[in-house]
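Taking it in order: structure first as structure tokens, then the write-up.
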There are 2 protein chains.
Amino acid sequence: MNIGEISKASGVSTKMIRYYEQIELIAPARRTESSYRMYSDSDVHTLRFIRGARDLGFSVEQMKTLLALWKDRSRASSDVKALALGHIAELERKAAAIEAMTKTLKHLVNNCHGDGRPDCPIIDGISKPVADDGHTLPSKFGLTHLV
Amino acid sequence: MNIGEISKASGVSTKMIRYYEQIELIAPARRTESSYRMYSDSDVHTLRFIRGARDLGFSVEQMKTLLALWKDRSRASSDVKALALGHIAELERKAAAIEAMTKTLKHLVNNCHGDGRPDCPIIDGISKPVADDGHTLPSKFGLTHLV
DNA sequence: TATAATCCTTCCCATGGTGGGAAGGTCAAG
DNA sequence: CTTGACCTTCCCACCATGGGAAGGATTATA
């Protein structure tokens, strides 16, 4: 199987397969004489696992751990469970942040008549006061690093 | 006011203030003879507005529009409302994606005894089948571009 | 078999917001 | 006049992903 074929079989783009190899998430593929990457059926399993893990929101770092646990037949299921629970907690933290934004926005929207007039509680409600101690909460708690 | 002072007054880091100037979200600041940036009280309002918008999850592009609407005293509030509603829809889409992940993960976790034994439904449940037509859904629907 | 189409390779670049830090200039307080 | 706290610009890193160019390999069709 070459990289295009395993890409279709696994649902992982060729770009990402090469990237995963580069960052050592997966082992370097064997090569043909003309340096084409060659894959086996078990590589398909690995990439499907990776695809599934990504779809569940695990980071590359977490996937490294997951793959190690996956391949370790003597792993303790409690280790896997702990990782999964940690990830769930993170997802819930992010969901809560999003929900807080949504709630505030909906509140503003509900108070905006939304017609041709310029008066708008949304615009007026966006500005945010700074804490008294001037202690600037890092903006990174916006959306960028949220998920 | 120099950049450090307005940073404290607005809750936007000096790094980000310079960045916002560079990408033309805000107008270039006037400079002292020694090329220090100088700010006025109205700049504080602008940056607090930006800070609030970021905290509500608006992107820089959306903020450009919001700032234009903010400064346009003859804007129609319906324009603002439409932007806000679009953003709410996006946030809800993201929340739904996160919730789907959480739901799946919780289901897997609930079926994992999580003891010293290697048997683990989480590991077994991660791998994801590919659609029959081999049509690979773009992985970008993972978490990276989700929020 | 010749040629075209489709693949593969590597390499560099862009994204979006944010922070880190270096090298050097400036300003204010002691 | 020194010291420390600021400011300036410039480059780098993050994370995961895609785009595309330049050139070689393979495959399919005429």
task = Drop me the distance from B:Ile6's CD1 to B:Asp43's CG, to the nearest 0.5 angstrom.
result = 5.0 Å
request  = Answer yes or no: does a side-chain N or O of B:Ser13 lie under 4.0 Å from OP1 or OP2 of C:dG19?
outcome  = yes
request  = Identify, between A:Thr32 and A:Ile23, the residue whose nearest nucleotide on DNA chain D lies closer to the 5' end.
outcome  = A:Ile23
note = To the nearest angstrom, the NZ-P distance between B:Lys8 and D:dC6 comes to 6 Å
request  = Calculate the interatomic distance between B:Ile50 atom CD1 and C:dG16 atom C1'; express it in whole Å.
outcome  = 16 Å
ask   = According to a strict under-4.0 Å criterion, is A:Arg18 in side-chain N/O contact with OP1 or OP2 of C:dC8?
value = no
query = Think A:Arg37 has a side-chain N or O under 4.0 angstrom from the OP1 or OP2 of C:dC8?
reply = no
request  = Take the protein atom CZ of A:Arg31 and the nucleotide atom P of D:dT26, then report the distance between them rounded to whole Å.
outcome  = 14 Å
query = Do A:Lys94 and B:Lys94 come close enough that some side-chain heavy atom pair is under 4.5 Å?
reply = no
ask   = A:Ser35 has a side chain; which of C:dT9, D:dA16, D:dC6 sits nearest to it?
value = C:dT9
key: Atom pair distance, as rounded to whole Å: CE in A:Met16 and C1' in D:dG18   = 9 Å
ask   = Ignoring hydrogens and angles, does a donor from either the side chain of B:Lys15 or the base of C:dG17 sit under 3.5 Å from an acceptor on the other?
value = no
message = For D:dG24, does the base pair up with any side-chain atom of A:Tyr36 as donor and acceptor (N or O, under 3.5 Å, distance only)?
response = yes
request  = Ignoring backbone atoms, establish whether B:Tyr19 has a side-chain N or O less than 4.0 Å from OP1 or OP2 of C:dG16.
outcome  = no
ask   = Roughly, in whole Å, what's the span from CD1 in A:Ile3 to P in D:dG18?
value = 13 Å
request  = May I have the distance from B:Ile17 (atom CD1) to C:dG19 (atom P), rounded to whole angstrom?
outcome  = 11 Å
message = So B:Ser59, base contact, sugar-phosphate only, or nothing? Heavy-atom distance under 4.0 Å.
response = sugar-phosphate
note = Rounded to whole Å, CZ of B:Arg54 lies from C1' of C:dG19 at a distance of 14 Å
request  = Examine distances only and state if a side-chain atom of A:Ser7 and a backbone atom of A:Val12 form a donor-acceptor pair shorter than 3.5 Å.
outcome  = yes
query = Within the structure, does a side-chain N or O atom of A:Ser34 lie under 4.0 Å from either OP1 or OP2 of D:dT26?
reply = yes
message = Rounded at 0.5 Å granularity, tell me how far CG in B:Leu25 sits from CE in B:Met16.
response = 9.0 Å
message = Between C1' on D:dA16 and CG on A:Leu47, what's the gap in Å once rounded to a whole number?
response = 15 Å
ask   = Given side chains that start at C-beta, do those of A:Ile17 and A:Glu21 come closer than 4.5 Å, heavy atoms only?
value = no
